[in-house]
Amino acid sequence: MTADLVDSFGRIVRDLRIAVTDRCNFRCTYCMPAEGLQWLPREEILSFEEIERIAALLVRRYGVEGIRLTGGEPTVRAHLPVLVEKLAALGVDLSMTTNGTSLRLLAADLRAAGLRRVNVSLDTLHRERFSEMTRRDELDRVLDGIDAAVEAGFSPVKVNVVIERGVNDGEVLDLAVFGRERGVEIRFIEFMPLDAQGEWDRSKVLSQDEIVATIGASFPIERMPARGAAPADRWRYLDGGGTIGVIPTVTHAFCGDCDRVRITADGQFRTCLFAVDEIDLRAAVRRGDDDEAIARLIEDAVAAKWAGHQINQVNFVRPTRSMSQIGG
Ligand code: SAM
Ligand code: SF4
C-alpha cells in the first residue's frame with residue numbers, strides 16, 4: 001500500500017530527479033563558469049546504496065512512478081549501469097538527461113540495465129557555436145551519441161535545446177528540421193535564471209510563443225492535448241513529421257501542475273528547481289535514521305512546498321546553486 005505524498009496545494013508527488021554527480025565534462029555557458037566551480041568532495045556524494053535507499057522509500061511508500069537521472073553529467077559517474085539496475089528493479093519509468101558524449105560507449109549497457117528513455121542536450125548544429133556554448137569541441141561526439149541512443153533502442157529519444165536570445169535563437173528552425181529528419185523529439189527549453197555566473201536576464205529568454213511561431217511559419221503544427229504534470233507543452237506536425245515540445249518555465253510557469261521533487265548529488269532534498277531551502281537527507285541516512293524518520297523529513301518538506309517560483313516577480317530570489325549542482 002502506498003500513501004500519496006501531497007503538498008499543501010494538493011499536488012501529488014509522482015516524479016523524482018536524482019543528480020548522480022555535480023561533475024561534468026562540459027562547461028556550458030548557461031550552466032557553469034569556464035572554471036572555478038568546485039566539485040563536491042567524493043565523500044559528500046551519495047553512494048549508490050544511499051541513492052537506492054531514498055529512491056526506494058519514495059517509490060514504495062509514496063508511489064513515485066518516474067525517476068530521471070541527471071547531474072552534472074550523469075555518465076561521468078563511474079559504474080552508472082550498476083545504479084540503473086538497482087533503480088530499474090523498483091519498477092519505475094527510469095530515464096536520464098545527458099550531454100550525450102558517452103552514449104556511444106554506454107547506451108547499450110544502460111539499456112540492458114533497465115534505463116528506458118534518454119534526453120540528450122544539444123543546443124546548436126554549428127561546430128564553432130557548439131564549442132563556444134559548451135566550451136568543448138565535441139559536436140560530432142554528441143551527434144553520434146544521439147545515433148547511438150536510437151540504435152540501442154531507446155524510445156523515444158528526445159533532444160533538449162536551451163535557446164538563448166542572441167546566441168542560438170537563429171537555429172530554432174534548423175533544430176526542428178534536425179528532429180524531423182532524425183525522428184527525435186526536440187524539446188526547446190526557455191533559458192532559466194540558474195546559470196552559475198548569474199548572467200541570466202529576461203531579455204535573453206526566447207519565449208515559447210516565439211519558438212512555436214517560428215516553427216509554425218514553416219511547418220503546419222497543432223497543439224497536442226494538455227500535458228498534465230509533464231513540464232513540456234507539445235505540438236505535432238500535421239504532415240506526420242513527429243512532435244516538438246517546449247518547456248516554458250519563464251513565460252508560462254507550470255508550477256500548479258508540478259509533481260516533482262529532487263535529490264542533489266550530496267543528498268539534499270529539494271521540492272523545486274528554484275527552491276532556496278533544502279532538507280539534508282544524506283545526514284539522516286548517515287546517522288542511521290530509520291525509514292519512518294526519513295519519511296517524516298520528506299513529508300514535512302513536501303508539506304512546506306511553495307506555490308511556485310516567482311521568476312517574473314520583483315521578489316524572486318535566485319537559488320545559490322546552479323543548474324548543474326541542483327540537477328537540471
Ligand atoms: N549534463 C546533462 C545535460 O546537459 O543534459 C544533465 C544535466 S543539465 C543541468 C540538464 C538540462 O538542464 C540540460 O538539458 C541543460 O541544457 C539544461 N540547462 C542547464 N542550464 C540551464 C539554464 N540556465 N536554463 C535552462 N536550461 C538549462
Ligand atoms: Fe554539463 Fe549539462 Fe551543465 Fe552542460 S548543461 S555544463 S553538459 S551539466
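Values reported hereafter were calculated over all heavy atoms of this structure, with side chains retained and with hydrogens, waters and symmetry mates removed. Both counts, for ligands and for their atoms, begin at 1 and track the order of listing.
Scanning the protein heavy atoms around atom 2 (C) of ligand 1, the nearest turns out to be E73 OE1, 3.3 Å. Protein heavy atom nearest atom 13 (C) of ligand 1, with residue, atom name and distance: S121 OG, 3.2 Å. Of the protein's non-hydrogen atoms, the one nearest atom 11 (C) of ligand 1 is T97 CG2, 4.3 Å. The protein heavy-atom contact nearest to atom 12 (O) of ligand 1 is M323 CE, 3.5 Å.
D209 and H252 share a side-chain donor-acceptor pair at under 3.5 Å. No side-chain N or O of T264 forms a donor-acceptor pair with one of R270 less than 3.5 Å apart.
Hydrophobic clustering of Ile, Leu, Val, Met, Phe, Trp and Tyr side chains at less than 4.5 Å, counting indirect connections, keeps W39 apart from L80. Taking hydrophobic clusters as Ile, Leu, Val, Met, Phe, Trp and Tyr residues chained together by side-chain heavy-atom distances below 4.5 Å, V285 shares a cluster with L58.
Each of the atoms 2 (C), 3 (C), 5 (O) of ligand 1 lies under 4.0 Å from some heavy atom of N99. Listed by atom number, the atoms of ligand 1 under 4.0 Å from V162 heavy atoms are 16 (O), 25 (C), 26 (N), 27 (C). Which parts of ligand 2 touch G72 is read off a 4.0 Å heavy-atom cut-off, strictly below it: atoms 8 (S). Counting atoms of ligand 1 from 1 in the listed order, those under 4.0 Å from a heavy atom of E190 are 25 (C). Short contacts between ligand 1 and T98, defined as distances under 4.0 Å to a heavy atom of the residue, involve ligand atoms 2 (C), 3 (C), 5 (O). Heavy-atom contacts of N160 reach the following atoms of ligand 1: 14 (O) (cutoff under 4.0 Å). Contact atoms of ligand 1 toward T70: 6 (C), 7 (C) (distance under 4.0 Å to a heavy atom of the residue).
In this structure, G72 counts as a contact residue of ligand 1, since one of its heavy atoms falls inside 4.0 Å of the ligand.
Less than 2.8 Å away from atom 4 (Fe) of ligand 2, the protein contributes these N/O/S atoms: C28 SG.
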